[in-house]
Each structure stands twice: as C-alpha cells, then as structure tokens.
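Heads up, the thing below is written out as structure tokens.
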Amino acid sequence: MQKIIHIDMDAFYASVEQRDNPSYRGKPVVVSGPPNSRSVVCTASYEARKFGIHSAMPASQAYKLCPQAIFVFPRFSVYKEVSLQIQSIFSEYTELIEPLSLDEAYLDVTYNKKKIESAMAIAKEIKIKIFNTTKLTASAGVANGKFLAKIASGMNKPNGLTLIHPREAETFLETLPIGKFHGIGKVTESKLKEKGIHFGKDLKAKTEGELIQLLGKNGSYYFQIVHGVDNSKVIPNRKRKSLGSEETFSVDISEIRLLEEKLKEVAQDTSRRAKLSNLKGKTITLKLKFSDFEQITRSKSLPIFIQSEEEVYHFGQEILRTIEISKKVRLIGLSLSSFEDDSSQPMLQLF
Ligand code: TTP
Ligand code: MG
C-alpha cells in the first residue's frame, strides 16, 4: 500500500502578498492585473472569496463584487522562491515529489528518508516546517493513493490536515458527489447527472465497459478508483540537464567588444537561473548564430563546478575568444550543464 501526501498552499499568491505587506492582512486581496483591464484573477485571499471572488474570474468582475478589495500585481519571482523553499522541505523526506504547480505537490512517503511510519506524522512535520520557513500555511491530505490524497488536502482548507483512512476510502468515495472527482469537469458532470449519476456509488454500480462508454479512455481509471484501487505512481520530474540564457540582438553585431558586453548580460542571466535552481555546472556551452543563420555551439569542460556571474562570464569569454568571427552575429547564448550531482536537492523543473 502506498502512503501519499498531497500538499497545497493556502490562497498561495494572496497569502504571500499578505505576508509581505502587513497592512493587507485580514483584508480582501485580489492578485491580478488592474481591475479596469482585461486581466483575470490569479487568486484571492480568503477574505475576498467571501465576496464570491475566485481564480480565473475577470478582474473587472472582482472589482464589481468588492470595490474595496486591494488589487495587487503578481510577483512571480517571490512565489518561485517560496516554491523552492517548500520543495526543499519535501526533499528532507523523499525524492518522490511530483509538483503540480508552484504551490502543490504529491509526495510518496511509503519509504521515506527519515523512516517515519506514519504519513500523518510526516504531513504534520512538513506543515510546521513550511510555516516556520515561509510564514505561510499549507493544507495537507493523506491517503493511500494520489486521488484521495488530493481530495483530502482540499477538505479542511485553510491550514488543514486530513486523513482518508484506507478503511474509510470506499464509503467515502460512494458518497462523494461526482463533481468532486478530480478530472471530471463541468461538462462531464452534467452529462453524468443527466444519466442519473450523482455520486460515487452511482459510478460504482456501472461495469467497466459502461464507464468507458461514458468517460472514454478515463473510464477504466475511474472504475478502479471507485473500487478503492489507486495505483497511480508519484512521478518525480526529471532533473533538468541544462539551463541558460540567450539574446537575439536588435541589430547584428560584429565588434568583439560589443559581443562581450552582450555575453556579460547572458552570463548574468544564466548565473541568476543557476542560483534560483541551486545548480552548479561543470560544462559551459557558448552558442552563436550569424546573420546568415548559421549556428555554432562550442562547449568546454571545466575543472570546477561554476555558478557565479564572474565564473560564467570568464569561461564564456574564453570560448568566445577561440572563435574566429568572420560574419556578423545575430544571437549569443550561454548554458551550463553537467550539474553537480547532489541528490539532497529538490527536483527542480518548475520553470
Ligand atoms: P491554487 O492552489 O488552485 O489556489 P490557491 O493556492 O490560491 O488557493 P487554495 O487555498 O484554494 O489552494 O493555485 C495556486 C496558485 O496558482 C494561486 O495562488 C494563483 C495561481 N493560479 C492562477 O494564477 N490562476 C488560476 O486559475 C489558478 C487556479 C491558480
Ligand atoms: Mg493552493
């Protein structure tokens, strides 16, 4: 039997804004573009949700529902930073982490690094660590499969910790309204309701063949789910193999001094990305594209793992100086690869 935890931060972007701006706390906060634009709501604080505001709603509609709400622009780099922090907490327990977005992940803790038997105990620890590190709350769901773990984490938001015990699982599913089945959208929901299927027990009354007819290729999956079988695995994102940055110039360049200036910019950006992902590389690759679109790449294996702007620029420049520039250049790029193998690092495939 698997032990799965699903973790989901509460009102994520809005909570980060309330954390960083104490005057927003306890107030309706809407993270979106300006309310008089065509932008949509990324998310809303729980105070704003009381007015009926929710994700994906036009910001203009949110304004009508609650003109006194505080509208703030998203700050993605801050959310990414928090995301890396929580991933790093997860990886203290397991490498089997499947992030679904910046604020949400499945963890398989069946065999965990700390050899803790109880998945509930792990979930509790993780929630505390998340709060201590980020000053933000998360909700966690614990179950024997991904399907129920995800439903569980949504049951007692915010700051919830919910277990769906294996022996309750089948009854729980029988009474679950079909709209709550993850993956069954509004359209399918009304289609099923027209056929008298309102709860899990109605799905369970069908044969696998009937469910395939009703739900297409997902029919077999839901057949297993309602019979208490959920073998879907937590699939960790593959570790990234390289990262880098490139720039296409507005005007083609032939002067080496100008090329080196551009190289400095892409080195800066490459280093920034490497730091964000906590990665150091031992191979550096320079890419040039010429005005006739011919493209060359030159790689160099380094004696050390590098990450800083100075190092990336230094070795990039070394490669650049070995290349004879006989045509104008339209693009320059740098990338790092052959990363230090540090398995204590979280899986970093968020960007
Ligand atoms: P969610 O976890 O779906 O929502 P949430 O964390 O804001 O609130 P909840 O407490 O219900 O989990 O999404 C995480 C973040 O992703 C959310 O804070 C903003 C962003 N997001 C969007 O930008 N657009 C969307 O449509 C949704 C659903 C989320
Ligand atoms: Mg969330």
Side-chain angles (χ1 to χ4, degrees), residues 4-21 24-35 37-63 65-66 69-87 89-90 97-107 123 126-127 129-131 133-143 146-162 177 179-187 189 237 349-351:
I4 307 294
I5 302 175
H6 179 260
I7 306 259
D8 186 339
M9 302 295 287
D10 301 318
F12 183 44
Y13 295 3
S15 305
V16 172
E17 298 309 324
Q18 289 180 319
R19 175 192 73 177
D20 295 348
N21 302 277
Y24 296 173
R25 291 181 197 159
K27 296 191 181 143
V29 171
V30 177
V31 181
S32 70
S37 70
R38 291 157 53 95
S39 75
V40 294
V41 173
C42 294
T43 195
S45 68
Y46 280 82
E47 295 85 356
R49 292 182 195 194
K50 289 187 195 136
F51 294 84
I53 299 172
H54 57 76
S55 297
M57 164 184 283
S60 54
Q61 192 183 344
Y63 181 78
L65 289 168
C66 182
I70 301 164
F71 286 81
V72 292
F73 274 106
R75 295 181 299 151
F76 295 109
S77 57
V78 184
Y79 313 144
K80 279 177 186 163
E81 223 173 277
V82 175
S83 186
L84 291 176
Q85 289 176 313
I86 63 172
Q87 295 243 349
I89 293 169
F90 301 157
I97 304 165
E98 181 178 340
L100 300 175
S101 64
L102 289 181
D103 87 322
E104 198 184 332
Y106 291 113
L107 319 183
I126 288 178
K127 273 167 54 72
K129 284 189 182 172
I130 289 180
F131 187 77
T133 311
T134 68
K135 297 287 171 263
L136 298 167
T137 61
S139 293
V142 177
K146 287 162 74 173
F147 183 86
L148 285 177
K150 184 168 166 91
I151 290 180
S153 75
M155 281 167 62
N156 292 302
K157 265 184 168 289
N159 203 10
L161 172 61
T162 310
K180 292 266 161 87
F181 277 70
H182 182 59
I184 293 188
K186 287 264 171 290
V187 178
E189 183 185 354
N237 277 352
Q349 262 288 306
L350 292 165
F351 318 124

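Indexing begins at 1, ligand by ligand and atom by atom, following the structure's order. Numbering starts at 1 and runs along the sequence shown.
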Quiz prompt | Option from Pro35, Pro34, Ser32 for which side-chain contact (heavy atoms from CB on, under 4.5 Å) with Tyr63 holds | solution = Pro35
Exercise. Flag Asp103 as yes when one of its N or O atoms lies below 3.5 Å from any N or O atom of ligand 1, and as no otherwise.
Key: yes
Quiz prompt | Heavy-atom protein contact below 4.0 Å for atom 3 (O) of ligand 1 | solution = no
Quiz item: Looking at atom 24 (N) of ligand 1, what's its closest protein heavy atom, distance included?
Solution: Cys42 O, 3.5 Å
Self-check item: Atom pair CD1/CZ of Ile89 and Phe131 - distance to nearest 0.5 Å
Solution: 12.0 Å
Quiz item: Strictly under 2.8 Å, is any N, O or S atom of Met9 next to the Mg ion (ligand 2)?
Solution: yes
Quiz prompt | Flag side-chain contact, heavy atom, 4.5 Å: Val30 against Ile53 | solution = yes
Quiz prompt | Straight-line distance of Phe90 CZ to Tyr106 OH, nearest 0.5 Å | solution = 13.0 Å
Exercise. Using a strict cut-off of less than 4.0 Å between a Lys/Arg side-chain nitrogen and an Asp/Glu carboxylate oxygen, indicate whether Arg75 and Asp20 qualify as a salt bridge.
Key: yes
Quiz item: Heavy atom under 4.0 Å from ligand 1: found in Tyr46's side chain, backbone, both, or neither?
Solution: side chain
Quiz prompt | Closest approach of any protein heavy atom to atom 12 (O) of ligand 1, naming residue and atom | solution = Lys157 NZ, 3.1 Å
Self-check item: Residue pair Lys146 / His6, side-chain heavy-atom distance below 4.5 Å
Solution: no
Quiz item: Which residue owns the protein heavy atom closest to atom 17 (C) of ligand 1, what's the atom, and how far is it?
Solution: Thr43 CB, 3.7 Å
Quiz item: Looking at Phe12, which atoms of ligand 1 are within less than 4.0 Å of one of its heavy atoms?
Solution: 5 (P), 6 (O), 7 (O), 18 (O)
Quiz item: Among protein heavy atoms, which lies nearest atom 11 (O) of ligand 1, and at what distance?
Solution: Arg49 NH1, 3.1 Å
Self-check item: From Lys127 atom NZ to Leu136 atom CG, the distance as rounded to the nearest 0.5 Å
Solution: 12.0 Å
Quiz item: Of the backbone and side-chain N, O or S atoms of Asp103, does one lie nearer to the Mg ion (ligand 2) than 2.8 Å?
Solution: yes
Quiz item: Can an N or O of Val41 be found at a distance shorter than 3.5 Å from an N or O of ligand 1?
Solution: no
Practice problem: Report yes or no: does Asp8 have an N/O/S atom closer than 2.8 Å to the Mg ion (ligand 2)? | Solution: yes
Self-check item: Option nearest atom 28 (C) of ligand 1 (shortest heavy-atom distance, choices Gly160, Ser55, Gly154)
Solution: Ser55
Quiz prompt | Proximal atoms of ligand 1 relative to Asp10 (non-hydrogen, under 4.0 Å) | solution = 10 (O)
Practice problem: Any chance you could lay out the salt bridge (Lys or Arg N to Asp or Glu O under 4.0 Å) test for Asp8 and Lys157, step after step, and finish with the verdict? | Solution: CA-CA 9 Å; Asp8 186 339; Lys157 265 184 168 289; 3.8 Å; yes
Quiz item: Rounded to the nearest 0.5 Å, how far apart are NZ of Lys180 and CE of Met155?
Solution: 9.0 Å
Practice problem: For Asp8, take its heavy atoms, then give the atoms of ligand 1 lying under 4.0 Å from any of them. | Solution: 2 (O), 12 (O)
Practice problem: Measure the spacing between NZ of Lys129 and OG1 of Thr134 and express it to the nearest 0.5 Å. | Solution: 13.5 Å
Quiz item: Is the closest heavy atom of Ala11 to ligand 1 under 4.0 Å?
Solution: yes
Quiz item: In terms of ring plane angle, is the pair Phe76 and Tyr13 parallel, tilted or perpendicular, where the classes change at 30° and 60°?
Solution: perpendicular
Quiz prompt | Nearest-neighbour protein heavy atom for atom 18 (O) of ligand 1, which is reported as residue plus atom name and distance | solution = Tyr13 N, 3.0 Å
